[in-house]
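Have a look at the structure below, then the notes.
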Amino acid sequence: MEKLSSKSSSIDNNLIGIKSMLAKLIPSYLGFGNDIYMMGICGMGGQGKTTLAKAIYYKYSNHFEGSSFIANVREMSEKGKLHKLQQQLFDEILEESDTKIYNVQVGDKKLMDSGLCHKKVLLVLDDVNRKDQLESLAGQHLKFGVGSWIIITTRDEHVLVDYGVLKIYKPNGLDYDNALKLFCLKAFKKEQPEEDYKQLSHKVVEYASGLPLALVTLGSFLVGRTLEEWQSALDSFKNIKRDIYDILKISYDGLEETWKEIFLDIVCFFRGQKKDEVIQILENCGFDARIGVSVLVERSLLTVDDKGCFGMQDLLSEMGKKIIHFESNGELGKQSRLWLIEDLLHVLETNTVRKMTKL
Ligand SMILES: Nc1ncnc2c1ncn2[C@@H]1O[C@H](COP(=O)(O)OP(=O)(O)OP(=O)(O)O)[C@@H](O)[C@H]1O
Ligand SMILES: [Mg+2]
């Protein structure tokens, strides 16, 4: 479970255009008066919603009596672990260590009865996809203290409207100059392209259409490659739809087979877990995991946070799961990995495991 520290108040220098974005957003979508400010951030995957929400959290959390960044709400909810996020909220905002939440119903009641209502809090609920998640994490009726900020990110605007969020910001992707900067930071470790690569860089940036995740992934894929390799990658783009999954898969397809295996294992079993522990497990399974992990990080397919835990962008993890579904022709028993308990029970109960499946 990802937990962000609220100590830092500076914005990561590698983030492009965020400072000016905040300067515009804060007065129009949030504020410092006596209201409760609720802001939705809505847009397609890879658009920079989580990045923006984190930047706000890091910059402003010190201004509040309590703060919590609840990450991966959709994923945790799908795994039946929403109560763990309620626990996180309790621990971080009320700083009570003796309250234990074992299921969502208990969590709903405890949150309702708690003193959460009176505190001025900064709460971020990241990647929400259903209204009940909002009700379990922010209450049916907002009862936070005045001056609180509630920021919700989602790919589905309907969830926000249904919950009564009136101020919804829809990021449009990066403008051309900022897109070029982000791409170059990944491909050349500086903000402008190398002279020889100028034209090709412009073509890649046009192809990525300002989508931050596509820029980061393509830049990390092309770094250190020759002009011929760039040209051949660009030629191959012509045959690839501009669908984000297909763009991300370019990077996956460029991995050696064992790195692909490591990537898929992390997608299914090890997101959010300690890097050193996971490397140990993978090494025990015969993988050269330390190198594999550093390749995945270099290619921006994996991140390691300041607590040494793995992070992975949601779309990358969704792409990994799609690859597994695709390779098994949609047959659960043929999947190389099973990560949901109900799927595992299903193949065992129906005796449909067809080949070695990692559980
Ligand atoms: N302004 C920015 N400057 C630099 N990098 C950025 C910026 N915005 C986004 N990115 C990068 O783009 C990638 C995608 O961003 P992010 O994860 O925030 O997207 P998202 O909208 O939350 O996607 P999802 O819906 O899949 O959760 C990340 O690797 C992030 O670091
Ligand atoms: Mg996100």
Side-chain angles (χ1 to χ4, degrees), residues 2 4 10-25 39-59 69-78 124-130 133 151-157 159-160 168-191 205 208-221 223 243-245 247-249 251 267 271-272 296-306 310-322:
E2 190 181 346
L4 293 194
S10 61
I11 293 176
D12 182 346
N13 284 334
N14 289 323
L15 294 182
I16 311 289
I18 291 278
K19 278 187 190 159
S20 59
M21 204 185 286
L22 290 194
K24 279 191 226 141
L25 282 180
M39 170 191 184
I41 305 176
C42 175
M44 66 181 280
Q47 191 72 267
K49 303 181 294 294
T50 302
T51 307
L52 175 61
K54 272 188 189 170
I56 298 175
Y57 185 80
Y58 278 133
K59 186 159 166 53
F69 187 105
I70 309 279
N72 304 324
V73 176
R74 173 170 53 106
E75 189 187 350
M76 291 294 277
S77 166
E78 276 164 11
V124 179
L125 303 175
D126 186 37
D127 198 14
V128 169
N129 71 333
R130 288 205 325 257
Q133 297 157 352
I151 298 169
I152 302 161
T153 83
T154 181
R155 292 180 193 165
D156 182 0
E157 185 174 1
V159 178
L160 298 172
I168 301 177
Y169 175 67
K170 297 181 185 169
N172 270 330
L174 297 175
D175 62 31
Y176 193 84
D177 290 346
N178 279 334
L180 183 66
K181 261 189 210 168
L182 178 55
F183 173 74
C184 291
L185 275 176
K186 294 293 167 184
F188 307 108
K189 312 289 174 210
K190 55 180 189 172
E191 291 188 352
V205 171
S209 325
L211 189 69
L213 182 62
L215 293 157
V216 167
T217 313
L218 291 174
S220 308
F221 171 67
V223 62
D243 181 88
I244 180 66
Y245 285 112
I247 297 179
L248 301 182
K249 196 155 176 295
S251 185
V267 164
R271 273 177 90 194
L296 296 177
V297 171
E298 275 163 27
R299 301 272 172 98
S300 300
L301 293 170
L302 185 66
T303 54
V304 180
D305 68 15
D306 51 4
F310 282 140
M312 186 180 288
Q313 212 283 337
D314 296 325
L315 274 182
L316 289 168
S317 129
E318 284 160 32
M319 174 192 69
K321 289 177 180 166
K322 271 188 180 223

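In listed order, ligands and their atoms are each counted from 1.
Every atom of ligand 1 is numbered from 1 in the order shown, and the set under 4.0 Å from a heavy atom of L315 is 26 (O). Each of the atoms 24 (P), 25 (O), 26 (O) of ligand 1 lies under 4.0 Å from some heavy atom of R155. Within ligand 1, counting atoms from 1 as listed, the ones closer than 4.0 Å to a heavy atom of I18 are 1 (N).
Considering backbone and side-chain atoms together, Q313 places an N or O closer than 3.5 Å to an N or O of ligand 1. Every N/O-N/O distance between L15 and ligand 1 stays at or above 3.5 Å. The N/O atoms of G46, backbone and side chain alike, include one that comes under 3.5 Å of an N/O atom in ligand 1.
Looking only at heavy atoms of the protein, atom 22 (O) of ligand 1 is closest to T50 OG1, 2.7 Å. Among protein heavy atoms, the minimum distance from atom 19 (O) of ligand 1 is reached at G48 N, 3.1 Å. Closest to atom 25 (O) of ligand 1, if we only count protein heavy atoms, is K49 NZ, 2.7 Å. Protein heavy atom in closest approach to atom 12 (O) of ligand 1: P212 CB, 3.4 Å. Closest to atom 31 (O) of ligand 1, if we only count protein heavy atoms, is T51 OG1, 4.0 Å. With respect to atom 27 (O) of ligand 1, the closest heavy atom belonging to the protein is D314 OD2, 2.9 Å. The protein heavy atom nearest to atom 3 (N) of ligand 1 is I16 N, 2.8 Å.
With a 6.0 Å radius and a threshold of 12 heavy atoms from other residues, nucleotides or ligands, K24 has its NZ atom at or below the threshold.
A donor-acceptor contact closer than 3.5 angstrom links the side chains of D126 and T50.
Contact of the K321 side chain with the V267 side chain is registered, since non-hydrogen atoms from C-beta on lie closer than 4.5 Å.
Here T51 does not reach the Mg ion (ligand 2): none of its N/O/S atoms is less than 2.8 Å from the metal.
Under the 4.0 Å criterion applied to side-chain N and carboxylate O atoms, R271 and E318 are not assigned as salt-bridge partners.
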